[in-house]
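Reviewing the structure listed below.
Position 1 is the first residue of the sequence; numbering continues from there. All ligand and atom numbering here is 1-based and tracks the order in the structure.
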Amino acid sequence: MKEKRDLKIQAIENGTVIDHITSGQALNVLRILGISSAFRATISFVMNASGARGRKDVVKIEGKELSVEEVNKIALISPKATINIIRDFQVVQKNNVVLPSYVEGVVRCKNSKCISNSSEPIESKFSVLQSEEGVSLHCLYCEHVISEDIAENLL
Ligand SMILES: [Zn+2]
């Protein structure tokens, strides 16, 4: 069984597997991790894989462990993701992402008149709420709500 599963996406020796990413969000996860054509490590990802809980995306990155900031951003766009740390081909740690209740300087407010978008050096501040519809961010300055397009507004 294990071999069959591994055919889908190659095993990595050391690094991170981000599993249960909300279907369609893998490219945004890569963006959060700052992965561009200049990135030298091996990266593989699967989009729309069928899992036990429906469709999901999976991202594997060789030789990288994620920072708290990166994990918090991933939680905003993919609150059911799991972060698996791989060492010597074994999962040594598996954690669900935890949705922060508050984020500062992470997302741009979509209200162009918001004080966080002014020339003042004021960091954006949002409270984070989760409902059945998904995650929504509520600006603490202007009360603007971002829900659908959090990924596009990440700083
Ligand atoms: Zn605002």
Side-chain angles (χ1 to χ4, degrees), residues 9 12 14-86 91-155:
I9 185 160
I12 58 173
N14 292 293
T16 303
V17 176
I18 310 166
D19 200 0
H20 302 290
I21 299 168
T22 304
S23 186
Q25 293 293 335
L27 296 176
N28 288 325
V29 169
L30 294 178
R31 208 155 55 97
I32 287 168
L33 301 177
I35 289 163
S36 66
S37 54
F39 201 78
R40 300 248 174 258
T42 302
I43 300 153
S44 51
F45 66 94
V46 174
M47 292 180 75
N48 304 313
S50 47
R53 286 174 271 163
R55 299 259 162 205
K56 63 174 185 177
D57 291 1
V58 183
V59 171
K60 296 192 174 192
I61 312 149
E62 185 82 46
K64 179 175 167 68
E65 293 186 11
L66 309 190
S67 69
V68 174
E69 289 76 21
E70 288 168 333
V71 172
N72 281 345
K73 286 184 178 181
I74 292 168
L76 292 179
I77 63 164
S78 204
K80 291 183 178 132
T82 57
I83 311 286
N84 301 271
I85 310 287
I86 313 294
V91 177
V92 294
Q93 208 181 314
K94 180 176 185 151
N95 294 110
N96 295 317
V97 298
V98 177
L99 199 61
S101 56
Y102 167 81
V103 288
E104 189 171 329
V106 169
V107 179
R108 184 184 305 109
C109 183
K110 284 171 71 187
N111 173 7
S112 60
K113 295 194 173 75
C114 180
I115 192 164
S116 67
N117 287 322
S118 72
S119 54
E120 305 288 321
I122 294 172
E123 295 247 67
S124 69
K125 290 181 185 173
F126 290 89
S127 59
V128 181
L129 297 178
Q130 189 175 24
S131 67
E132 291 204 355
E133 288 83 53
V135 176
S136 60
L137 303 180
H138 299 250
C139 180
L140 296 184
Y141 296 115
C142 74
E143 296 180 4
H144 191 90
V145 178
I146 303 177
S147 53
E148 308 275 285
D149 44 4
I150 292 171
E152 286 74 17
N153 291 290
L154 286 169
L155 290 166

Do Leu66 and Ile74 come within less than 4.5 Å of each other through their side chains, counting heavy atoms only?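 They are in side-chain contact.
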Could you tell me if Ser78 and Thr22 have a donor-acceptor pair between their side chains, going purely by distance under 3.5 Å?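 Ser78 and Thr22 do have a side-chain donor-acceptor pair below 3.5 Å.
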Within less than 2.8 Å of the Zn ion (ligand 1), how many protein N/O/S atoms are there? 4
Walk me through whether Ser118 and Glu120 qualify under side-chain hydrogen bond (donor to acceptor under 3.5 Å, both in side chains). CA-CA 5 Å; Ser118 72; Glu120 305 288 321; 5.3 Å; no
Check whether any side-chain N or O of Asn96 sits under 3.5 Å from a backbone N or O of Thr82 as a donor-acceptor pair, and report yes or no. no
Taking the side chain from Asp57 and the backbone from Gln25, do they hold a donor-acceptor pair closer than 3.5 Å?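 It does hold such a pair.
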Member of Leu30, Ile18, Val29, Val58 meeting the side-chain contact (heavy atoms from CB on, under 4.5 Å) criterion with Phe45: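 With Phe45 as partner, Leu30, Ile18, Val29, Val58 yield a single side-chain contact (heavy atoms from CB on, under 4.5 Å), made by Leu30.
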